[in-house]
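Structure record follows, encoded as structure tokens.
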Protein chains: 2
Amino acid sequence: MTTGTSLKLDKSSFMPLYHQIEQALRSQIEGGELAPGQAISERELSETLKVSRMTARQALHALRDEGLIYTERGRGTFVAEPKMTVHTRQLLGFSEDMRRRGLAAASKVLSFRRFRPEPAIAEKLRLEEGEEAFEIVRLRLADRVPMAYETCLLPARRCPELKRAEVERGSLYQILEQVYGVRLGQADEILEAACATAYEAQLLSIRPRSPVLVVTRRVFATDDSVIEAVRSVYRGDRYQATIQLKRR
Amino acid sequence: MTTGTSLKLDKSSFMPLYHQIEQALRSQIEGGELAPGQAISERELSETLKVSRMTARQALHALRDEGLIYTERGRGTFVAEPKMTVHTRQLLGFSEDMRRRGLAAASKVLSFRRFRPEPAIAEKLRLEEGEEAFEIVRLRLADRVPMAYETCLLPARRCPELKRAEVERGSLYQILEQVYGVRLGQADEILEAACATAYEAQLLSIRPRSPVLVVTRRVFATDDSVIEAVRSVYRGDRYQATIQLKRR
DNA sequence: GTTATCTAGTGGTCTAGTCCACTGGTGTGG
DNA sequence: CCACACCAGTGGACTAGACCACTAGATAAC
């Protein structure tokens, strides 16, 4: 194993060591410098890089969780055969999702409003009595072709000054993070198959009753507060969701 | 925080300490003894249970990865509000998936054969020249109603004596694990929306061209070998997939 | 030639810390 | 009253091991 010899760590960097190792190994694997089946020993990595074994291990476990490597007790750690991990579903905005698929993303804001929501929505967003929310309806395009129709709800308290122009200009998640200091944590999604309504079909340029993948998502901040509830209707002929399953 | 006081560890058990802690905390959270917002400090857990902080931490991180708790640097670790984690997609057989949804699973084997597959399938299963595979076609029922139509392919080398009667009697994953010593590792899935063909619709007791959720899965062992490739067609009106997204 | 035993190397689990960045509450000074 | 400094407590990152279970290859015995 010659991994460590071409791997440089910057111990003064703000980026944690395990993260640097993880990123470097990921690059080597994706760039083909580390081939499937090749061994990456915790102990050797630790010795070569002059880090503790636990630090090396933390990096390797992150890669294992992505499916890039696999570990076998008593045998070692090895680079896995390529899989569909590049598209594995993550908490990404639409633009980034498309970028990873090699598609050019664009969006059209169909409507934007701030309003006092009905109880069901208020509960979904965990709003207090009298709190307001934003509703943003968008048509999502990829390579200039409609891809999804999306209705997004946000608690107004988390982004009180949100403007339609901002949303039209850039990624909502970036605005939340960079302008409003929101820390995105995780999200839950439900995926189901349905038939496009006439309205959805028209927007998506598909025939009425075409199959669509309906994705209902709720996004949480690192403090467990609800940041967003969104319903996306993706064209069945253009969109697939890829996920990775663990055994437990 | 009174978590540790009602939590017993068996240090002579074969089950690792961190796993025992994880399980006990999960029970307490799911049983309501630990309420949303309640704090669970690494240091206090470590002191109370007389384990190292890293051990306590490992348990807490597992729960965090499931979304049961959330951690905030400088503030602490807290029980999260309930989410849809109970149904979060995992590498489970059909029976277990249905059990978790509170449904009674059953299956009908429609066909069972051992055969020499064409190149595309051989490649998908990573078969050597001349190797054989099993093909199992099943109708999956939940509470006696059709739920999914499934075509499963397996490398014969991993379960050479597999019999139709075995598959009819029990879970394939259990057979692989308990009879053939296979260690299931992880799986990749693609989920997409489609319209049921006439044949599928008939089997599933739905109208032709009804929406179906098509799930294409490839299962890997812990040594990264392909164990199974399976295509499942789920009724769109009865089946949803729930997943959890991480930020990265 | 086959089987059993030994050994070196592996990952898994765990200990016992240390130091750093962050948070929120409290106290002090303007 | 407000702003700033301090402090105690938090999780995050990291060190430097130790011991255990498992694997595969080499060696010895039959």
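All values below come from the heavy atoms of this structure, side chains included, with hydrogens, waters and symmetry mates left out. Note that the structure is predicted; figures quoted are calculated from it, not measured. Proteins come first, then strands; the chains are lettered A, B, ... in the order of their sequence lines, and each starts at number 1.
The residue H19(B) sits apart from the nucleic acid: no heavy atom pair falls under 4.0 Å. Across all strands shown, R73(A) has heavy atoms under 4.0 Å from base atoms, whether or not it also approaches the sugar-phosphate.
The phosphate of dA16(C) (OP1 or OP2) has no side-chain N or O of S52(B) nearer than 4.0 angstrom. Here T71(A) does not reach the OP1 or OP2 of dG11(C): none of its side-chain N or O atoms lies under 4.0 Å away. For dA24(D), the OP1/OP2 oxygens have a side-chain nitrogen or oxygen of R75(A) closer than 4.0 Å. Distances shown here put every side-chain N or O of S41(B) at or beyond 4.0 Å from the OP1 or OP2 atom of dG9(D).
Nearest-nucleotide mapping onto DNA chain D: of R183(B) and M15(A), the residue sitting toward the 5' end is M15(A). Projected onto DNA chain D by closest heavy-atom contact, K11(A) and G76(B) fall at different nucleotides, the more 5' of which corresponds to G76(B).
If you run side-chain hydrogen bond (donor to acceptor under 3.5 Å, both in side chains) between S107(A) and each of E168(A), E150(A), R138(A), R140(A), only R140(A) comes through.
Rounding to whole angstrom units, OH of residue Y18(A) and C1' of dA13(D) are separated by 8 Å. When the P atom of dG11(D) is taken as reference, atom CE of M54(B) falls 13 Å away, rounded to whole Å. Rounded to whole Å, atom P of dC19(D) lies 13 Å from atom CZ of R43(A). Here dC14(C) presents its C1' atom at 16 Å from CD of Q58(A), a figure rounded to the nearest Å. Distance, E47(A) CD to dA16(D) C1': 13 Å, rounded to whole Å. Between the P atom of dT13(C) and the CD1 atom of I21(B) lies a distance of 13 Å, rounded to the nearest Å. Residue D10(A) contributes atom CG, which lies 12 Å from atom P of dC14(D) at whole-angstrom precision. In this structure, the CZ atom of F78(B) is 10 Å from the C1' atom of dT23(C), given to the nearest Å.
Residues E228(B) and R158(B) are not paired through a salt bridge, judged by the lack of any N-O separation under 4.0 Å between the basic side chain and the carboxylate. A salt bridge between R169(A) and E166(A) is absent, with no side-chain N of the basic residue lying under 4.0 Å from a carboxylate O of the acidic one. A salt bridge links D224(B) with K83(A): the distance from a Lys NZ or Arg NE/NH1/NH2 to an Asp or Glu carboxylate oxygen falls below 4.0 Å.
The base of dG12(D) sits within donor-acceptor range of the side chain of R53(B), with an N or O pair under 3.5 Å.
Taking the centre and axis of the six-membered ring of F112(A), the NZ or CZ atom of R164(A) falls outside the cone set by 45° and 6.0 Å.
You'll find that the side chain of L17(B) is closest to dC14(C), out of dT23(C), dC19(D), dC14(C).
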